[in-house]
Chemist: 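Next up is a structure, given as structure tokens.
Numbers here simply count residues along the sequence, with the first being 1. None of these values were measured; they are calculated from a predicted model. Heavy-atom basis, side chains included; hydrogens, waters and symmetry copies ignored.
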Amino acid sequence: MNTLRPSEQSFLGFLPEIIESILSRLPAKTLRLTSRVNHMWKKISNIILSARSRCVKKYFENDVVNAADADEFFENLPIRAQAVVYLSHRESWLIRREPHVKRAEERNLARMLRMFNSRLPPDCFLIGCTTERILSRENDESTGNPGLEHKRSGHSLVFLPYMEGVSYRHVYIRHTKLAHGQTWAELFGIEQGTPVKLALVTALAHSRDYIPHVAAAIRRTYGPRVVILGAVAHDRLFIDGLVKKARVTALFISGDNFRACAKFVNNDRDSNFYERINSVISESTTDGYEQQLSILITSRFISRGNAFYVNSLTAFREPFSEAPVLGLYSFGEFCLGATDVGKTRPNACKRFMKHNAVVFCACSFRKPHTGRTVQR
């Protein structure tokens, strides 16, 4: 027998909309808690988190980040992050000048890595490297217009969101020779036949030759159209809160709701980099895909052929799009685009390992259709 008055029944009909209006103002950490209240709250919380499926970037300007500042950011992180790409600035001349300066830099780097890694959301991992400069999209203080700045200090964190139909995987690769009976799919931890769309391979200088070998293995295992980016980091790699001084790390993004389009944007003839970058972005945003991240791997000087070079600092000053930028300076650039088919052997992949080059990649997501109505 229904004992509710008509006014109370009419109020209950609007209850899901009221709850959604309240929960939509909460950060992702709180939404993970509200999803445990009951079935209706769980569905509303998941709908809100799905609507926020976008990449988020945070740049900390100081080399030593205050724990309170980190806590404030992670407490109010608006998205449900599944992976974090971490870039830390390292100055070559500073760490090589005096031994005690190098030791202090090593301690600070390990402390910052532990601090960020300990504050990650559940089911989220961290991977990254050191770089001479960090590219960040910032607003100009004098004009207020957005611009691309080449930072010589601080730390950059790019959070990759949870998206239905998209998965992330990271791996640390010690050797290019497999153990007896082992397959590359077992080493990568991804089943053969998985629709891998992007692999970001990062090596240190003495392991740069690993990149073509790993790229060839990825193409043989997951298909000839996997987009593979390669970068040679400064002097350290990060994975799962650990600082690595050797070898290679790889980040895999797979799923039919993710698309990556990449190419070398310097052609040894001119410096029309933005024209080719815009064509990559246009290619990545067809069929309902929306660009969420720009990846730029560049060297300090960009070759234009015949010993003519362009300074990266002056070549890239304008933002590429509204999407966050994951940009770093590299000591070697590698790119296999979706059109570079048939490259399944290391020797064939070696010619795609460049120096003084620029690689641009546009990463796009296609959000699955989710209804907004929630039944009580």
Chemist: Hydrophobic clusters here meaning ILVMFWY residues chained together by side-chain heavy-atom distances under 4.5 Å, can you tell me if L251 and L87 are in one?
Modeler: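 Yes, L251 connects to L87 through the hydrophobic network.
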Chemist: State the OG-CD1 distance between S167 and I190, to the nearest 0.5 angstrom.
Modeler: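 One gets 7.0 Å once the value is rounded to the nearest 0.5 Å.
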Chemist: Quick check: does any side chain N or O of E186 sit under 3.5 Å from a backbone N or O of T183, one acting as donor and the other as acceptor?
Modeler: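 A pair under 3.5 Å: yes.
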Chemist: Treating N266 as the side-chain partner and S271 as the backbone partner, does any N or O pair qualify as donor plus acceptor under 3.5 Å?
Modeler: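 Here the side-chain-to-backbone pair does not exist.
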Chemist: How long is the straight-line distance from OG1 of T176 back to CG of D209, given to the nearest 0.5 Å?
Modeler: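 OG1 of T176 is found 9.5 Å from CG of D209.
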Chemist: With ring centroids as reference points, do F273 and F320 lie under 6.0 angstrom apart?
Modeler: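 No, ring centres 6.0 Å or more apart.
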Chemist: Going hydrophobic residue to hydrophobic residue with side-chain gaps under 4.5 angstrom, can you get from L148 over to V358?
Modeler: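 Yes.
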Chemist: Among I228, I173, V171, L187, which residue satisfies the side-chain contact (heavy atoms from CB on, under 4.5 Å) criterion with V214?
Modeler: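 Exactly one candidate clears the test, I173.
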Chemist: Would you name the heavy atoms of S207 and V248 that are closest together and state the gap between them?
Modeler: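 It is O-CG2, 4.2 Å.
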Chemist: For residues 277-290, pull every pair meeting salt bridge (Lys or Arg N to Asp or Glu O under 4.0 Å), keeping only residues two or more places apart or in separate chains.
Modeler: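 Sorted result for residues 277-290: R259-D287.
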Chemist: Under 6.0 Å from the CZ atom of R220, do we count more than 12 heavy atoms belonging to anything else shown?
Modeler: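 Yes, the 6.0 Å shell around CZ holds more than 12 heavy atoms from other groups.
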Chemist: Within 45° of the axis and under 6.0 Å from the centre of the six-membered ring of F159, does NZ or CZ of K58 qualify?
Modeler: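 No, K58 and F159 do not form such a contact.
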Chemist: Given side chains that start at C-beta, do those of L178 and W184 come closer than 4.5 Å, heavy atoms only?
Modeler: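 Side-chain contact under 4.5 Å: yes.
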Chemist: Could you tell me whether the side chain of R276 and the main chain of V265 form a donor-acceptor pair under 3.5 Å?
Modeler: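 Side chain of R276 to backbone of V265: a pair is present.
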Chemist: In Å and rounded to the nearest 0.5 Å, what is the CG to NE2 distance from L237 to H234?
Modeler: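 Those atoms lie 12.5 Å apart.
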Chemist: Taking the side chain as everything from C-beta on, heavy atoms only, tell me whether K197 gets closer than 4.5 Å to C363.
Modeler: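 A side-chain contact is absent here, since even the closest heavy-atom pair is not under 4.5 Å.
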Chemist: Could you go step by step and tell me if S136 and E149 meet the side chain to side chain donor-acceptor pair (under 3.5 Å) rule?
Modeler: CA-CA 5 Å; S136 179; E149 297 188 8; over 6 Å; no
Chemist: Side-chain donor-acceptor pairs under 3.5 Å in residues 323-342, sequence neighbours left out?
Modeler:
residue: Y329; atom: OH; partner: H150; partner atom: ND1; Å: 2.7
residue: S330; atom: OG; partner: V232; partner atom: N; Å: 2.8
residue: S330; atom: OG; partner: V232; partner atom: O; Å: 3.3
residue: S330; atom: OG; partner: G332; partner atom: N; Å: 3.1
residue: S330; atom: OG; partner: G332; partner atom: O; Å: 2.5
residue: E333; atom: OE1; partner: N356; partner atom: N; Å: 3.3
residue: E333; atom: OE1; partner: A357; partner atom: N; Å: 3.0
residue: D340; atom: OD2; partner: G337; partner atom: N; Å: 2.9

Chemist: Within the distance-only criterion (no hydrogens, no angle test), does the side chain of R247 pair as donor or acceptor with the backbone N or O of R174 below 3.5 angstrom?
Modeler: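 Yes, because the side chain of R247 sits within donor-acceptor range (under 3.5 Å) of the backbone of R174.
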Chemist: Is it the case that the side chains of T298 and S312 hold a donor-acceptor pair, with the cut-off being a distance below 3.5 Å and no angle test?
Modeler: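 Present: a donor and an acceptor within the cut-off.
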Chemist: Below 4.5 Å, heavy atoms only, C-beta onward: do K354 and F264 meet side chain to side chain?
Modeler: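 K354 reaches F264 side chain to side chain.
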Chemist: When rounded to the nearest 0.5 angstrom, what is the spacing between NE2 in H175 and CD in Q182?
Modeler: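 It is 10.5 Å, given to the nearest 0.5 Å.
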Chemist: Run the ring pair (Phe, Tyr, Trp, His ring centres under 6.0 Å) test against H170 and tell me which residues pass, sequence neighbours left out.
Modeler: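 H170 satisfies ring pair (Phe, Tyr, Trp, His ring centres under 6.0 Å) with F125 only.
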Chemist: Any idea which heavy atoms bring L313 and R133 closest together, and the distance?
Modeler: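 So the minimum-distance heavy-atom pair works out to CD1-NH1, 3.2 Å.
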Chemist: Measure the spacing between CG of D235 and NZ of K245 and express it to the nearest 0.5 Å.
Modeler: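 Result: 9.5 Å between the selected atoms.
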Chemist: Within 45 degrees of the ring normal and closer than 6.0 Å to the centroid, is that where the cationic atom of R169 sits relative to F252?
Modeler: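 Geometry flag: not set, cation outside 6.0 Å or 45°.
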Chemist: Distance only, no hydrogens: is a donor on one side chain within 3.5 Å (strictly under) of an acceptor on the other, for Q291 and S284?
Modeler: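 Not at all, the side chains of Q291 and S284 share no donor-acceptor pair under 3.5 Å.
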Chemist: Under the side chain to side chain contact (heavy atoms under 4.5 Å, CB included) criterion, do K57 and V158 qualify, and how do the steps go?
Modeler: CA-CA 4 Å; K57 180 175 180 178; V158 176; 4.0 Å; yes
Chemist: Could you name each residue pair satisfying salt bridge (Lys or Arg N to Asp or Glu O under 4.0 Å) that touches residues 321-330, not counting sequence neighbours?
Modeler: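 As it turns out, the salt bridge (Lys or Arg N to Asp or Glu O under 4.0 Å) pairs with a partner in residues 321-330, which skip direct neighbours, are R137-E322.
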Chemist: With sequence neighbours excluded, what pairs up with F238 under the ring pair (Phe, Tyr, Trp, His ring centres under 6.0 Å) test?
Modeler: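 F238: ring pair (Phe, Tyr, Trp, His ring centres under 6.0 Å) contacts with Y86.
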Chemist: Does E191 have more than 12 heavy atoms from other residues, nucleotides or ligands lying within 6.0 Å of its CD?
Modeler: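 Check fails, neighbour count at 12 or below.
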Chemist: With the side chain counted from C-beta on, respond yes when S254 and V166 share a heavy-atom pair under 4.5 Å apart, and no when they do not.
Modeler: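 No. Closest side-chain heavy atoms not under 4.5 Å.
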Chemist: With R236, which of V243, L113, T131 fulfils side-chain contact (heavy atoms from CB on, under 4.5 Å)?
Modeler: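 Testing each of V243, L113, T131 against R236, the sole residue satisfying side-chain contact (heavy atoms from CB on, under 4.5 Å) is V243.
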Chemist: Looking just at side-chain N and O atoms, do R111 and N108 make a donor-acceptor pair shorter than 3.5 Å?
Modeler: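 The answer is yes; a qualifying pair exists.
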Chemist: Can you find a heavy atom in the side chain of P78 that is under 4.5 Å from one in the side chain of V56?
Modeler: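 Yes, at least one pair of side-chain atoms sits under 4.5 Å.
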Chemist: Could you tell me which non-hydrogen atom of P346 sits nearest to which non-hydrogen atom of A216, and how far apart they are?
Modeler: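 Of all heavy-atom pairs spanning P346 and A216, the closest is N-CB, 3.6 Å.
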Chemist: Thinking salt bridges, do E106 and R90 make one under a 4.0 Å N-O criterion?
Modeler: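 Yes, this pair counts.
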Chemist: Under a single-linkage definition using a 4.5 Å side-chain heavy-atom cutoff for Ile, Leu, Val, Met, Phe, Trp and Tyr, are I295 and F316 assigned to the same hydrophobic cluster?
Modeler: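 Different hydrophobic clusters.
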Chemist: Roughly how far, to the nearest 0.5 Å, is the CG atom of N272 from the OG atom of S279?
Modeler: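 Rounded to the nearest 0.5 Å, the OG-CG separation comes to 11.0 Å.
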Chemist: Closer than 3.5 angstrom, by distance alone: can the side chain of R152 be matched with the main-chain N or O of E132 as a donor-acceptor pair?
Modeler: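 Not a single qualifying donor-acceptor pair exists.
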Chemist: Between I211 and M353, is there a side-chain heavy-atom distance shorter than 4.5 Å?
Modeler: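 Contact flag for M353/I211 side chains = yes.
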Chemist: How far apart are the closest heavy atoms of I127 and A250, and which atoms are they?
Modeler: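 That would be CD1-O, 3.7 Å.
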Chemist: Would you find a donor on one side and an acceptor on the other, under 3.5 Å apart, between the side chain of H155 and the backbone of D63?
Modeler: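 Such a contact is found between H155 side chain and D63 backbone.
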Chemist: Flag the pair Q192 / T221 as yes when at least one side-chain heavy-atom distance between them is below 4.5 Å, and no otherwise.
Modeler: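 Answer yes - side chains close enough.
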Chemist: Walk me through whether L126 and L120 qualify under side chain to side chain contact (heavy atoms under 4.5 Å, CB included).
Modeler: CA-CA 8 Å; L126 182 146; L120 293 180; 3.8 Å; yes
Chemist: Going by atom types only, do S88 and T130 share a side-chain donor-acceptor pair under 3.5 Å?
Modeler: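 No, no side-chain donor-acceptor contact under 3.5 Å.
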Chemist: Is L135 reachable from L229 through a run of hydrophobic residues whose side-chain heavy atoms are each under 4.5 Å from the next?
Modeler: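 Different clusters.
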Chemist: Quick one: salt bridge (Lys or Arg N to Asp or Glu O under 4.0 Å) partners of R119, sequence neighbours excluded?
Modeler: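 For R119, the residues satisfying salt bridge (Lys or Arg N to Asp or Glu O under 4.0 Å) (neighbours in sequence not counted) are D71.
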Chemist: Please work out which of the three classes, parallel, tilted or perpendicular, describes the rings of F188 and Y222, given edges at 30° and 60°.
Modeler: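 Plane angle between 30° and 60°, so tilted.
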Chemist: Does the ring center of F60 lie less than 6.0 Å from the ring center of F116?
Modeler: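 Ring centroids of F60 and F116 are less than 6.0 Å from each other.
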